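Everything on this sheet refers to the single structure shown next.
None of the values given here were measured: they were computed from a predicted structure. Order of the sequence lines fixes the chain letters, A, B, ..., with proteins taken first and strands second; residue numbering starts at 1 for each chain.
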There are 2 protein chains.
Amino acid sequence: MITSGTTTVRLTAKGAATRLRIVEGAAAEIRERGAATTTLDDIRARTATSKSQIFHYFPGGKDELLLAVAALEAERILEDQQPHLDDLGRLDTWQAWRDWRDAVVRRYERQGVNCPLGVLMTELGRRTPASQRLTGQLLAQWQSALRDGVRCMQGSGLMDPALDADRTAAALIAAVQGGVTVLMATGSTAHLEAALDTTLELLGRFDAE
Amino acid sequence: MITSGTTTVRLTAKGAATRLRIVEGAAAEIRERGAATTTLDDIRARTATSKSQIFHYFPGGKDELLLAVAALEAERILEDQQPHLDDLGRLDTWQAWRDWRDAVVRRYERQGVNCPLGVLMTELGRRTPASQRLTGQLLAQWQSALRDGVRCMQGSGLMDPALDADRTAAALIAAVQGGVTVLMATGSTAHLEAALDTTLELLGRFDAE
DNA sequence: GCCACTGTGGACCTGCTGGTCCATTTTACG
DNA sequence: CGTAAAATGGACCAGCAGGTCCACAGTGGC
């Protein structure tokens, strides 16, 4: 059973599977080829479904499907950073920060141009008010996790307590986002690494740890 | 006289003016509404031209026009940062860096979502191999200007000589780019400012100046 | 003032894309 | 089983975007 907008539809196991297949296929197609150029027919072909199925599971049409894809990608972005980044505040040692940094960089090195974050922020996120809200939430949640990490480090005397934790978290997000955007344009992770490393290294300059 | 691809066409003064009007109108339209949703008809309406004119000046069709727009925007991005950033290496004092930072932030505050950089990197830049080369060149030129600034500061003993100047420049570009991308998604310049300020402040921590 | 070339207008064509519709098959469940 | 609801297949439609074409007007050099 799933609710979309005002209507509620019952889904059988088979139906749920099909719906999932469509969303994931659409997400993959969009990551590979961009949202702008991906058509419903591409998705249909990739997921071995018919037109009617797409509109059956997403009565709102393409917009609704793309919103579902955006939600999936937003989830994936946070998941990818687990367990470095969770409610328990695992970013509590320099090693943890380094691990997080490595996880981010390695992931984008492997994925190259096809990254959820880039697609979400630069293509899906701006499409509709609903998807804008979604990206806003993602950003807020992500930033709050990083902020908690900074606060934790400050609490342990490992980072300068004079730093504005929230602002620092925002800077880190911008660094990742900028690195990813450049990656998508050039195919190189150099900027991503430079931005993350520079910021982290300078954060660590507070003491000798 | 203008060369496009293999063909060369002579332009009268009137022709050159029309061509310019089309490119600039297209650029403005795209900045406001995004490249994905801007149609030739929109451009036609805005620039008071006919279909045949667009194809007369851009025989390659939409791709060629968008490439011209990308080139225009790339130029504008560097121009916007003049005279902070030029071949003479004006980034030679902390005040100059602060001025540059202010120029960047103020510009995007005023422009809001409609920024050349964002559109170029996230929409135009990925369209064709030609536009990819173009964004690559922009990035290289920009980074080299910033790198010269860092080197200059290092030479004067104002920045840590141990820093890799090129890497630092890359980090700054990623910071701006990330800030802009977030700006386009959320409408807020908070991340842009946080990223720039954090990076610059930490760069300045080397000495007390 | 003539002639060739450039500039302009706009009708028209075509393919693609999102979206609709309905007939048919499959599933859930009493 | 039997039936209602869910799932599926795919033909069909309408609009729109990019692109072509041709007729005509404007311009510039000789």
Side-chain angles (χ1 to χ4, degrees), chain A residues 1-5 7-26 29-30 33-70 123-124 127-128 130-131, chain B residues 1-5 7-26 29-30 33-69 123-124 127-128 131:
Chain A
M1 178 138 120
I2 196 164
T3 310
S4 77
T7 29
T8 297
V9 187
R10 279 179 162 67
L11 290 184
T12 66
K14 194 180 178 189
T18 302
R19 201 194 119 101
L20 187 65
R21 183 156 42 95
I22 293 174
V23 181
E24 290 189 332
E29 191 77 18
I30 286 172
R33 311 210 350 229
T37 58
T38 296
T39 81
L40 289 186
D41 254 17
D42 297 331
I43 296 170
R44 212 183 43 64
R46 178 173 196 133
T47 60
T49 50
S50 66
K51 262 298 183 46
S52 71
Q53 283 173 289
I54 294 183
F55 283 86
H56 180 65
Y57 296 108
F58 304 93
K62 201 183 188 185
D63 279 350
E64 191 179 334
L65 172 55
L66 289 196
L67 183 60
V69 170
E123 296 202 82
L124 297 174
R127 274 186 76 89
T128 62
S131 61
Chain B
M1 176 139 124
I2 196 165
T3 309
S4 77
T7 31
T8 297
V9 187
R10 279 179 164 68
L11 290 185
T12 66
K14 194 180 178 188
T18 302
R19 200 194 120 100
L20 187 64
R21 183 156 42 96
I22 293 174
V23 182
E24 290 189 332
E29 191 76 18
I30 287 172
R33 311 209 351 229
T37 59
T38 296
T39 83
L40 289 187
D41 255 18
D42 296 330
I43 297 170
R44 213 182 45 62
R46 177 172 198 134
T47 60
T49 49
S50 66
K51 260 306 183 37
S52 70
Q53 282 174 290
I54 294 183
F55 283 86
H56 180 64
Y57 296 107
F58 305 93
K62 200 182 188 186
D63 278 350
E64 192 179 333
L65 172 55
L66 289 196
L67 182 60
V69 170
E123 297 202 82
L124 297 173
R127 274 186 77 87
T128 63
S131 61

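Side-chain contact check for A/Phe58 versus A/Ile22: some heavy-atom pair is nearer than 4.5 Å.
The separation between B/Leu65 atom CG and D/dA17 atom P is 15 Å, rounded to whole Å. Per the geometry, CG belonging to B/Asp41 stands 16 Å off P belonging to D/dG15, to the nearest Å. The separation between B/Asp42 atom CG and D/dG18 atom C1' is 13 Å, rounded to whole Å. Between the P atom of C/dT6 and the CZ atom of B/Arg19 lies a distance of 15 Å, rounded to the nearest Å. One atom, CG of B/Leu40, and another, P of C/dT14, lie 19 Å apart when rounded to the nearest Å. Nucleotide C/dT17 holds its P atom 14 Å from the CG atom of A/Leu66, rounded to whole Å. Going from atom CZ of A/Phe58 over to atom C1' of C/dT20 covers 18 Å, rounded to whole Å. One atom, NZ of A/Lys62, and another, P of C/dC16, lie 15 Å apart when rounded to the nearest Å.
Atom CG of B/Leu11 sits about 11.0 Å away from atom CG of B/Leu20, to the nearest 0.5 Å. In this structure, CD on A/Gln53 lies 13.5 Å from CZ on A/Arg19, to the nearest 0.5 angstrom. Annotation: the span from B/Arg46 atom CZ to B/Arg33 atom CZ amounts to 9.5 Å, rounded to 0.5 Å. Atom-to-atom distance recorded for B/Thr128:OG1 and B/Glu64:CD is 11.0 Å, nearest 0.5 angstrom. Between the NE2 atom in B/His56 and the OG1 atom in B/Thr18 there is a gap of 9.0 Å [rounded to 0.5 Å]. In this structure, A/Ile54 CD1 and A/Asp41 CG are separated by 8.0 Å, a value rounded to the nearest 0.5 Å.
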Would you tabulate the pairs of protein nitrogen or oxygen atoms and nucleotide nitrogen or oxygen atoms of nucleotides 28-30 of chain D closer than 3.5 angstrom?
none

Distances under 3.5 Å only, N/O to N/O: pair up the protein atoms with those of nucleotides 8-13 of chain C.
{"from": "C/dT8", "atom 1": "OP1", "to": "B/Thr18", "atom 2": "OG1", "distance (Å)": "3.3"}
{"from": "C/dT8", "atom 1": "OP2", "to": "B/Thr18", "atom 2": "OG1", "distance (Å)": "3.2"}
{"from": "C/dT8", "atom 1": "OP2", "to": "B/Gln53", "atom 2": "NE2", "distance (Å)": "2.9"}
{"from": "C/dT8", "atom 1": "OP2", "to": "B/Tyr57", "atom 2": "OH", "distance (Å)": "3.0"}
{"from": "C/dT8", "atom 1": "O5'", "to": "B/Gln53", "atom 2": "NE2", "distance (Å)": "2.9"}
{"from": "C/dG9", "atom 1": "OP2", "to": "B/Gln53", "atom 2": "OE1", "distance (Å)": "2.8"}
{"from": "C/dG9", "atom 1": "N7", "to": "B/Ser50", "atom 2": "OG", "distance (Å)": "3.3"}
{"from": "C/dG9", "atom 1": "N7", "to": "B/Ser52", "atom 2": "OG", "distance (Å)": "2.3"}
{"from": "C/dG9", "atom 1": "O6", "to": "B/Ser52", "atom 2": "OG", "distance (Å)": "3.2"}
{"from": "C/dG10", "atom 1": "O6", "to": "B/Ser52", "atom 2": "N", "distance (Å)": "3.4"}

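Applying the salt bridge (charged side-chain N to carboxylate O under 4.0 Å, His left out) rule to pairs touching residues 51-63 of chain A yields A/Asp63-A/Arg127, sequence neighbours excluded.
When B/Asp42, B/Ile43, B/Thr37 are each tested for a side-chain contact (heavy atoms from CB on, under 4.5 Å) with B/Thr39, only one passes: B/Asp42.
Residue-to-nucleotide proximity on DNA chain C shows that, of A/Thr37 and A/Phe55, the 5′-proximal contact is made by A/Thr37.
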